[in-house]
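Only one structure is covered here, and it is reproduced in the block below.
Keep in mind the model is a prediction, meaning the values are calculated, not measured.
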Amino acid sequence: MKKLFALLMALSLLMASGCGTKDNTPADGETNDPVVEQPQENNDAQEQENGGNQEQAEENTFTGTLGEVKDFMFEVTDDQGVCYAFAFEGEKPQGLADVKTGDKVTVTYTGEVSEVDPFEGTVISVAAAE
């Protein structure tokens with residue numbers, strides 16, 4: 001419980017720092033919306049394997065530039081300069097060790113990502129973006 005509290009406090013402080021000090025005003029015709037692809041559809045085979053469980057979390061992807069990487073979280077900045085923190089427990093997510101700071105990456109995750117609120121979900125994998 002103390003570790004969870006410490007993790008939440010660290011994430012709160014990290015989010016309060018704003019992940020950087022860039023001017024995030026969009027140019028004409030642009031928005032501050034993150035580049036988040038639509039959830040992947042479940043096919044029949046996956047539903048059969050999972051017993052048709054409709055409550056299974058949907059996978060999303062997020063593409064951006066990998067920032068700071070720590071033992072419990074990492075940061076990804078989108079094309080508009082907005083920084084998002086992805087926290088994880090235990091071992092690093094699949095593929096995180098294969099990329100380095102400054103690489104363009106695609107993060108596959110479940111849950112919700114927010115610029116302001118702490119990440120609530122699970123990081124499935126991190127891969128170099130094409």
Considering non-hydrogen atoms only, spot the tightest contact between Y109 and T61 and give its length. CE2-C, 3.9 Å

Quick check: is I124 connected to F74 through a chain of hydrophobic side chains (ILVMFWY, heavy atoms under 4.5 Å apart)? no

Hey, does E112 have a side-chain heavy atom less than 4.5 Å from the side chain of D117? no

Nearest non-hydrogen partners of M73 and A85, listed with the distance: CE-CB, 3.6 Å

Could you give the distance from CD (E115) to OH (Y84), rounded to the nearest 0.5 Å? 5.0 Å

Does any N or O in the side chain of T65 come within less than 3.5 Å of the main-chain N or O of D103, such that one atom is a donor and the other an acceptor? no

Contacts of K104 that satisfy salt bridge (Lys or Arg N to Asp or Glu O under 4.0 Å) - sequence neighbours left out: D79

Check K70 against K92 and note the closest heavy-atom contact, atom names and distance. O-CE, 4.2 Å

Can you tell me how far CD of E75 sits from OG1 of T101, rounded to the nearest 0.5 angstrom? 9.5 Å

If you measure from CD on E68 to SG on C83, what distance do you get to the nearest 0.5 Å? 9.0 Å

How far apart are the closest heavy atoms of T108 and E59, and which atoms are they? CG2-OE1, 3.7 Å

Quick one, F119 and F88 - any side-chain contact, counting heavy atoms below 4.5 Å? no

Using every non-hydrogen atom in the two residues, find where A129 and T63 come nearest and quote the distance to one decimal. CB-CG2, 4.0 Å

